[in-house]
Amino acid sequence: MSKILAFSGSSSSKSINQQLVNAVVRRFSNIEVTVIDIRDFPLPVFSVDIEEADGIPENAERLKKLFTDHDGFIISSPEHNGSIPTIFKNLVDWLSRMGGKVFQDKPMLLMSASPGQGGGKTNLDNLLKLMPWWGGEVVGSMSIGGFSEVFDSESGDFTDTDLEDQLKKIIGSLNKVI
Ligand SMILES: Cc1cc2nc3c(=O)[nH]c(=O)nc-3n(C[C@H](O)[C@H](O)[C@H](O)COP(=O)(O)O)c2cc1C
């Protein structure tokens, strides 16, 4: 059976992107999904000096094994100053030093959420350009702005039914190739 690895690119314990990932994951049936919190894999800020002195950190090895053991990804990334959050980019930098492409030519859904209306779209657009280079085959993407207006954090689900159609479409895209 295919397995998907799901995570957000956030360093926040209250991450709306992680909430989004959790809600999307629940809509997958017949596919095993592993949800991780990348905060559980702390890594030093990448440095060639650290790499030379200490080698690859154990948490990078753990992440690489998870990436290898799964057949695709569901990722939602916040936008920090128009760009990818440091914690997420740092993970990519470490994994890029371990041979092969970071996302191993596997399919993924790529999303972003923000409290403001922008939906993290600047970063999402940039990630859509970068992912093929990092070995991620994006089969569906969506950004959600004004997150609290369309999502109830208490129930952990969407309050906006219009979003369901968009979600169904991208979920179908991943289901088709996984
Ligand atoms: C350092 C920092 C920079 C941010 N920059 C942006 C930004 O460029 N665009 C944006 O839409 N939101 C920005 N935000 C607001 C984030 O969208 C918001 O904090 C969001 O909740 C982050 O997602 P998360 O809850 O999943 O961590 C920024 C937040 C922080 C802490």
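By convention here, the first residue in the shown sequence is residue 1. As the structure lists them, so they are numbered: ligands from 1, and atoms in each ligand from 1.
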Quiz item: Taking everything shown except Lys168 itself, do over 12 heavy atoms lie less than 6.0 Å from its NZ?
Solution: no

Quiz item: Which protein residues have a heavy atom closer than 4.0 Å to any atom of ligand 1, listed by chain and number?
Solution: Ser10, Ser12, Ser15, Ile16, Asn17, Pro78, Glu79, His80, Asn81, Gly82, Ser114, Pro115

Quiz item: Between Ser96 and Asp93, does any side-chain donor sit less than 3.5 Å from a side-chain acceptor?
Solution: no

Quiz item: More than 12 non-hydrogen atoms from neighbouring residues, nucleotides or ligands closer than 6.0 Å to NZ on Lys64, yes or no?
Solution: yes

Practice problem: May I ask you to say whether Asp125 pairs ionically with Lys121, meaning some side-chain N is under 4.0 Å from a carboxylate O? | Solution: yes

Extract all donor-acceptor atom pairs below 3.5 Å that involve side chains of residues 127-145 and protein atoms in other chains or at least two apart in sequence.
none

Quiz prompt | Any donor-acceptor N or O pair under 3.5 Å, side chains Asn17, Ser8 | solution = no

